[in-house]
*Asks:* 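Please find one structure pasted underneath; my questions will follow.
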Amino acid sequence: VGVTEIGNAAFSNVGVTAFEVEPGNPACQAINGVLYSAEGNILLAYPLNATATEYTIADGCLGVGEGAFAHTTLQKVIVPESLVLFGNQAFAKTQLTTVVLPENMTNVYEGTFAQSTKLQSLTIPSGIRTIESYAFNGCTALTEIHCLGAEPATLNYYEGYDHPFNGIDASQVKVYVPKGFKS
């Protein structure tokens with residue numbers, strides 16, 4: 001009960017198999033071994049050494065914290081419709097193969113899926129306005145991107161090395177856009 005705050009990516013790449021939290025903790029709670037904020041609206045950390053290949057984020061959760069799933073072996077994460085935020089590096093170095101970003105999201109933050117070398121397919125909903133530096137950096141298996149919006153998201157970066165899609169062979173990726181919006 002003494003823990004009052006948990007910092008960003010506090011448990012990223014730590015060999016935990018499940019989280020346990022005493023009832024009444026003011027900072028967090030464990031839901032089936034996964035660490036959430038006390039209110040349950042932010043998923044703070046998924047156990048690195050959990051053996052599951054699939055996880056469903058709890059209903060009512062609004063966001064995934066910084067580094068929350070980083071380095072896990074999950075192959076599939078199911079998100080509730082309420083979810084609006086994936087923090088920096090939330091899914092970095094995961095085993096995900098397909099990503100469909102939530103419809104309610106507006107930004108993909110820095111390094112969110114960086115170095116997820118098994119990622120093959122990405123769907124970007126119409127609500128995404130910006131994709132930040134390194135967001136999909138090193139996702140070398142990426143072969144298709146589905147852009148659902150009439151206006152493309154702004155790629156927010158400074159130099160070529162921090163491009164959101166740096167390290168990807170563009171010739172191997174097919175980009176699908178709505179008819180009439182090739183530009």
*Asks:* So, does Asp162 use its side chain to make a donor-acceptor pair with the main chain of Glu159 at under 3.5 Å?
*Replies:* yes

*Asks:* Taking Val84 as the starting point, is it possible to reach Val79 by hopping between hydrophobic residues whose side chains are less than 4.5 Å apart?
*Replies:*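 Different hydrophobic clusters.
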
*Asks:* Within a radius of less than 6.0 Å around CD of Glu81, do more than 12 heavy atoms belonging to other residues, nucleotides or ligands occur?
*Replies:*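 Atom CD in Glu81 is not crowded, with 12 or fewer foreign heavy atoms closer than 6.0 Å.
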
*Asks:* Flag the pair Leu48 / Phe69 as yes when at least one side-chain heavy-atom distance between them is below 4.5 Å, and no otherwise.
*Replies:*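 A side-chain contact under 4.5 Å is absent here.
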
*Asks:* Answer yes if Leu96 and Val100 sit in the same cluster of Ile, Leu, Val, Met, Phe, Trp and Tyr residues linked by side chain heavy atoms under 4.5 Å apart, and no otherwise.
*Replies:* no

*Asks:* Can you name the nearest heavy-atom pair linking Pro26 to Ala38, along with the distance?
*Replies:* O-CB, 3.5 Å

*Asks:* Taking the side chain as C-beta and beyond, is there a heavy-atom pair between Val173 and Ile145 under 4.5 Å?
*Replies:* yes

*Asks:* Search all heavy atoms of Gln120 against all heavy atoms of Leu142 and return the closest pair with its distance.
*Replies:* O-CD1, 3.5 Å

*Asks:* Running the 4.5 Å side-chain criterion over Ile, Leu, Val, Met, Phe, Trp and Tyr, what cluster does Tyr161 land in, apart from itself?
*Replies:*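 Other cluster members: Tyr134.
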
*Asks:* With no hydrogens and no angle check, is any side-chain donor or acceptor of Ser133 less than 3.5 Å from a backbone partner on His163?
*Replies:*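 Pair absent, no side-chain N/O of Ser133 close to backbone of His163.
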
*Asks:* Please identify each residue that fulfils side chain to side chain donor-acceptor pair (under 3.5 Å) with Tyr157, with sequence neighbours left out.
*Replies:*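 So Tyr157 forms no side chain to side chain donor-acceptor pair (under 3.5 Å) with any residue.
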
*Asks:* With sequence neighbours left out, write down each residue that passes side-chain contact (heavy atoms from CB on, under 4.5 Å) with Asn156, or none if nothing qualifies.
*Replies:*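 Per chain and number, Asn156 pairs via side-chain contact (heavy atoms from CB on, under 4.5 Å) with Glu132.
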
*Asks:* State, with a plain yes or no, whether a side-chain heavy atom of Ile42 is found less than 4.5 Å away from one of Val64.
*Replies:* no

*Asks:* Could you name each residue pair satisfying side-chain hydrogen bond (donor to acceptor under 3.5 Å, both in side chains) that touches residues 107-119, not counting sequence neighbours?
*Replies:* Thr94-Ser116, Asn107-Tyr109, Asn107-Thr130

*Asks:* Is there any side-chain hydrogen bond (donor to acceptor under 3.5 Å, both in side chains) pair reaching into residues 140-150, and which pairs are they, with sequence neighbours excluded?
*Replies:*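 Sorted result for residues 140-150: Ser121-Glu144, Glu144-His146.
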
*Asks:* For Glu20, check side-chain contact (heavy atoms from CB on, under 4.5 Å) against everything at least two apart and list the hits.
*Replies:* none

*Asks:* Return the set of residues passing side-chain contact (heavy atoms from CB on, under 4.5 Å) with Thr56 (not counting sequence neighbours), or none when no residue passes.
*Replies:*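 Thr56 satisfies side-chain contact (heavy atoms from CB on, under 4.5 Å) with Ile78 only.
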
*Asks:* Listed by chain and number, what are the side chain to side chain donor-acceptor pair (under 3.5 Å) partners of Asn32, not counting sequence neighbours?
*Replies:*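 In terms of side chain to side chain donor-acceptor pair (under 3.5 Å), with neighbours along the sequence ignored, Asn32 is linked to no residue.
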
*Asks:* Which residues pass the side chain to side chain donor-acceptor pair (under 3.5 Å) test with Ser126, sequence neighbours left out?
*Replies:*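 Ser126 satisfies side chain to side chain donor-acceptor pair (under 3.5 Å) with Glu103 only.
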
*Asks:* Check whether any side-chain heavy atom of Phe165 sits under 4.5 Å from a side-chain heavy atom of Cys139, and report yes or no.
*Replies:*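 A side-chain contact under 4.5 Å is absent here.
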
*Asks:* Do the side chains of Tyr55 and Thr72 get nearer than 4.5 Å, heavy atoms only?
*Replies:*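 Side-chain contact under 4.5 Å: no.
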
*Asks:* Does the side chain of Tyr46 come within less than 4.5 Å of Val77's, by heavy atoms?
*Replies:* no

*Asks:* Would you please name every residue forming a side-chain contact (heavy atoms from CB on, under 4.5 Å) with Asp169, sequence neighbours left out?
*Replies:* Ser171, Gln172

*Asks:* Does a side-chain heavy-atom distance below 4.5 Å link Ile124 with Leu148?
*Replies:* no

*Asks:* Measure the shortest side-chain to side-chain distance between Leu119 and Phe91 over non-hydrogen atoms and say whether it is less than 4.5 angstrom.
*Replies:*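 In short, these two side chains do not touch, never coming nearer than 4.5 Å.
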
*Asks:* Would Leu155 and Ile128 show up in the same hydrophobic cluster when neighbours are defined by side-chain heavy atoms closer than 4.5 Å?
*Replies:*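 Result: yes, single cluster for both.
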
*Asks:* Ring pair (Phe, Tyr, Trp, His ring centres under 6.0 Å): which pairs involve residues 22-42, sequence neighbours left out?
*Replies:* none

